[in-house]
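See structure below.
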Amino acid sequence: MSDRYEPQKIEKKWQAKWDEAGVDLPSEDPSDARKSYYCLEMFPYPSGNLHMGHVRNYCLGDVIARYKRMNGFNVLHPIGWDAFGLPAENAAIKHKRPPAEWTYHNIDQMRGQLKQLGLSYDWSREFATCQPEYYRWEQWMFIKLVEKGLAYRKEAEVNWCQPCHTVLANEQVVEGACWRCDTPVERKNLAQWFIRITDYAEELLNDLDKLSGWPEKVIGMQRNWIGRSTGTEVSFGVEGSEEVLDIFTTRPDTLMGVTYMAVAAGHPLAKRAAKSNSELAKFLEECSHISTKEADVALMEKKGMDTGFKALHPITGETVPIWVANFVLMSYGTGAVMSVPAHDERDHEFAHKYGIAIKQVIKPVDSEWNIQAAAFIEAGVLINSAQFDGLGSIDAKVAITEFLTSAGKGEERVQYRLRDWLVSRQRYWGAPIPAIHCDGCGIVMVPEDQLPVVLPEHLQPTGGASPLTECEEFVHVDCPKCGKAARRETDTFDTFMESSWYMNRYTSPHSDDAMVDAAAMKQWAPVDQYVGGVEHAVLHLLYARFYHKLMRDAGLFTSEEGGDEPFRNLLTQGMVLKDGAKMSKSKGNTVDPNSIIEKYGADTARLFTLFAAPPEKDLEWSDAGVDGASRFLKRVWRLMESADIKPAGEDDAAAVKALRLTIHTTIGRVTHAFEQGYAFNVAIAALMEMTNALSAFEPKGEKGVAVVREGLEALAAMLVPFVPHFACELGERMGMEKMAVVADWPAVDESALVQDEITLAVQIQGKRRGEITVPKDADQDAVMAAAESDASIAKWLDGMQIVKVIFVPGRLLNIVVKPA
RNA sequence: GCCGAGGUGGCGGAAUUGGUAGACGCGCUGGCUUCAGGUGCCAGUGUCUUCACAGACGUGCUGGUUCGAGUCCAGUUCUCGGUACCA
């Protein structure tokens with residue numbers, strides 16, 4: 001049986017065999033004693049073609065799924081499509097075809113590409129999020145959230161892109177401009193739908209501690225994003241009025257140093273002042289066009305205008321001017337701040353510019369400070385603060401907050417940077433928001449029995465407003481409450497909504513009486529291993545964590561059934577680079593997976609992406625490296641063919657023993673690489689080493705042939721996760737009973753690891769001077785004797801006095817000497 | 001500015017967690033095979049000294065701990081990611 005290695009042929013063959021045998025399907029039979037394991041990769045957006053980033057992502061997940069199966073787990077490994085989104089609308093405009101058509105076509109194409117890679121998915125669970133059977137539950141959930149007050153509609157300052165005619169999420173604003181048309185975004189007040197993620201801020205923050213299987217980096221980013229800070233809310237009075245001006249500060253100790261207040265351009269007080277002040281109105285208008293580009297923001301000139309209003313200090317009763325400032329954000333805190341130029345750099349700069357007083361109230365513990373030259377922003381001792389004089393900053397924060405609390409003018413408060421999640425989009429290709437606008441009843445949610453609100457799929461976007469707004473059959477509806485003619489909401493959900501719960505839906509993808517089935521959740525959820533790009537560290541991964549808790553609190557499953565967190569372990573893979581840069585069409589440095597599979601086969605493509613870098617690091621594409629991967633497989637192939645020999649002599653017993661040692665240490669090393677953080681590159685390196693050892697060995701007798709066979713069978717099994725088609729073919733040609741993909745993961749034979757003799761390094765003064773071979777149980781004296789009788793070591797001991805000997809059994813002998 | 005990760009051959013990267021640095025692969029050099037080779041095989045490949053045998057140096061930099069440090073400690077520098085008028 002001497003054939004060439006023909007990847008295309010054997011890959012097709014094995015894919016068909018796996019399908020036929022159903023080896024990738026998980027079992028839901030309650031009598032199945034295996035432990036459940038849920039492995040998931042971030043599902044793809046059907047953009048049309050698989051790129052190398054996908055290949056890497058899905059290969060990593062597949063390696064884990066296959067490894068777990070071979071280790072006796074009942075593995076759920078599903079796939080589907082994140083099918084709603086903007087690119088479909090862009091393509092629709094370009095090709096003048098509805099986005100649905102483009103999307104379904106792409107799904108068909110990409111499904112074929114995924115299958116070519118030999119990924120072990122349970123395809124029976126596949127779904128696309130643009131199917132009404134899927135998004136109906138999202139609509140159902142949203143209605144529940146509205147009932148609980150966790151979803152609401154309100155007017156807010158949002159990012160607006162005029163040409164695209166929609167609001168954008170912060171993440172869709174790149175350097176101050178729309179990611180699609182590159183037009184600078186405007187801040188606009190619009191009525192939009194939000195979900196109250198801030199209600200869960202505390203739990204989202206605290207539960208980060210439960211995510212021991214997540215990279216520290218991602219946890220840190222989320223913690224940062226949630227941005228918890230503790231401080232004091234203080235109520236200032238407004239002169240000549242009953243109203244109050246609330247502010248949040250983390251530095252209540254500086255309260256006595258307030259010399260002015262600053263409010264955001266969108267603050268009611270600013271708007272009111274502008275009514276009688278055209279100059280100010282102009283300034284507010286200017287502020288609404290401010291770029292949100294980070295660099296600009298940091299460098300932007302700090303500008304302000306006096307509103308003419310005066311605030312009353314809550315302790316002294318003194319009046320201070322209220323200004324509008326372009327650096328105060330309406331969306332953080334109360335949209336107003338107290339300003340203490342003496343102890344805040346920004347306020348200091350502002351006060352200098354506009355000639356506002358600077359009043360020092362904190363001084364360094366034991367030095368002086370020139371407050372006119374620079375703000376003193378550290379903790380210190382209070383001065384000029386009446387009854388609080390002499391207190392340290394920390395004590396003063398408590399004392400002043402207590403004073404305000406008892407006076408009813410303030411209290412301690414926790415403030416988050418996290419904002420409520422804006423989920424409505426003025427887009428067509430998304431899940432309809434199940435709401436109805438009635439002139440008489442206001443906003444009425446669609447009754448449950450009328451779900452789903454199906455998105456008409458035949459509409460043709462043109463680039464302006466969503467075609468939904470002009471689709472009469474969609475918009476016209478009778479009010480469910482009063483029965484009069486009303487209008488459907490034409491906004492659709494942010495597509496992050498769909499990707500926030502798909503991992504749970506996979507546990508019961510066809511359930512039509514519930515969003516998820518609690519029993520299925522109990523069997524599979526949470527995801528044991530999630531694999532995806534770090535670019536979703538905050539957005540998708542935060543939303544999904546949030547949504548999981550929403551589902552739990554909606555009673556869809558309990559903590560015991562589905563967990564409090566959706567993803568137990570997270571592997572964030574690095575990018576695939578070419579010439580040091582991310583692959584992109586515009587840079588022209590892409591490598592097409594199809595052409596690699598065509599030329600080398602899927603197994604080589606898999607092997608290269610897994611070997612070239614550790615999973616979490618960026619991977620530099622190398623054509624030479626792909627050749628190397630291909631060469632390795634050919635080498636194993638030849639080794640397998642040459643192993644088919646008839647023994648005709650006597651083996652070197654020591655060599656046979658040494659080879660068995662190599663085989664079993666390799667099994668240990670590869671297993672260890674899997675268990676210790678998925679070091680697949682190291683695992684493959686170990687398999688290459690073992691292959692080299694097998695190639696170098698020349699069997700002469702029966703024992704030799706048997707040990708080579710033992711090595712090849714172990715190799716076939718351990719290659720399964722990386723190159724499953726190749727491994728199956730290898731196994732079959734070796735005459736293995738079962739398909740390699742369903743074989744057991746090889747076990748280490750401890751007896752093979754026992755050596756009669758071992759080699760120790762010998763050091764003099766900690767420097768390696770030679771090595772000696774001694775019986776495995778040799779004690780220090782015996783090893784010392786062997787070292788002293790070794791010429792290359794003995795010469796270093798000549799004329800020296802031995803001061804100390806360090807003996808590490810099994811490793812080394814270190815002799816410390818000094819001149820005699 | 002703040003938070004995080006990291007500096008190991010020509011390159012990607014190993015190092016059992018304080019014990020023989022540079023596994024494995026790529027690249028390169030020489031040789032063999034071949035009509036030919038973008039094939040296969042063999043040998044070599046951290047730097048420097050040396051005909052050789054050997055030896056010295058070597059994990060960003062400076063110190064420290066230790067019989068012994070890529071690994072631990074202190075400081076320093078550079079690179080990369082994230083993030084920011086957040087009050």
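So that the names make sense, note that chain A is the first sequence line, chain B the second, and so on, each numbered from 1.
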Phosphate-side-chain proximity, [X] and [N], N/O vs OP1/OP2 below 4.0 Å:
| X | N | answer |
| --- | --- | --- |
| R223(A) | C2(B) | no |
| R631(A) | C26(B) | yes |
| K617(A) | G12(B) | no |
| N681(A) | G12(B) | no |
| R417(A) | A84(B) | yes |
| K217(A) | G4(B) | no |
| R635(A) | C41(B) | no |
| K795(A) | G55(B) | yes |
| N692(A) | G25(B) | yes |

Checking all strands, does [X] fall into the base, sugar-phosphate, or nothing category for heavy-atom contacts under 4.0 angstrom?
| X | result |
| --- | --- |
| W796(A) | sugar-phosphate |
| Q763(A) | base |
| V328(A) | base |
| G220(A) | nothing |
| R228(A) | nothing |

Does A679(A) or F248(A) map to a spot on RNA chain B nearer the 5' end, using the closest nucleotide for each?
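Its nearest nucleotide being more 5', the pick is A679(A).
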Indicate, with yes or no, if the rings of W421(A) and F496(A) have centres closer together than 6.0 Å.
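No.
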I want to know whether F680(A) and F674(A) have ring centres closer than 6.0 Å.
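For F680(A) and F674(A), the ring centres are under 6.0 Å apart.
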How far, in whole Å, is [M] from [N] if one measures between their [atom1] atoms?
| N | M | atom1 | answer |
| --- | --- | --- | --- |
| C32(B) | G81(B) | C1' | 50 Å |
| U20(B) | A15(B) | P | 13 Å |
| U16(B) | G64(B) | C1' | 27 Å |
| G9(B) | C26(B) | C1' | 13 Å |
| G6(B) | G12(B) | C1' | 16 Å |
| G18(B) | A23(B) | P | 22 Å |

With no hydrogens and no angle check, just 3.5 Å: does a side-chain donor-acceptor pair link [X] and [Y]?
| X | Y | value |
| --- | --- | --- |
| T232(A) | T401(A) | yes |
| R545(A) | Q222(A) | yes |
| R635(A) | N692(A) | yes |

Considering Watson-Crick and G-U wobble pairs with both distances under 3.5 Å, what does [N] pair with?
| N | value |
| --- | --- |
| C72(B) | G64(B) |
| C51(B) | none |
| U79(B) | A5(B) |

D209(A) and R223(A) ion-paired at < 4.0 Å
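R223(A) and D209(A): salt-bridged.
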Can you tell me whether the base of G7(B) sits syn or anti, using the 90° cut around 0 to define syn?
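With its glycosidic angle more than 90° from zero, G7(B) counts as anti.
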Counting heavy atoms from C-beta on, name the nucleotide in G82(B), G19(B), G13(B) closest to the side chain of P614(A).
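Nearest listed nucleotide: G13(B).
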Using a distance-only criterion (donor-acceptor N/O pair, under 3.5 Å, no hydrogens), is the base of C86(B) paired with the side chain of R346(A)?
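No, no donor-acceptor pair under 3.5 Å.
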Any donor-acceptor pair, under 3.5 Å, between the side chain of K804(A) and the base of C67(B), if you only look at N and O atoms?
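No such pair is found, so the answer is no.
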Just how far, in rounded Å, is C1' of C24(B) from CZ of R669(A)?
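Computing the R669(A):CZ to C24(B):C1' distance gives 9 Å.
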Counting only N and O atoms by type, is there a donor-acceptor contact under 3.5 Å from the side chain of S393(A) to the main-chain atoms of G380(A)?
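Between the backbone of G380(A) and the side chain of S393(A) there is a qualifying donor-acceptor contact (under 3.5 Å).
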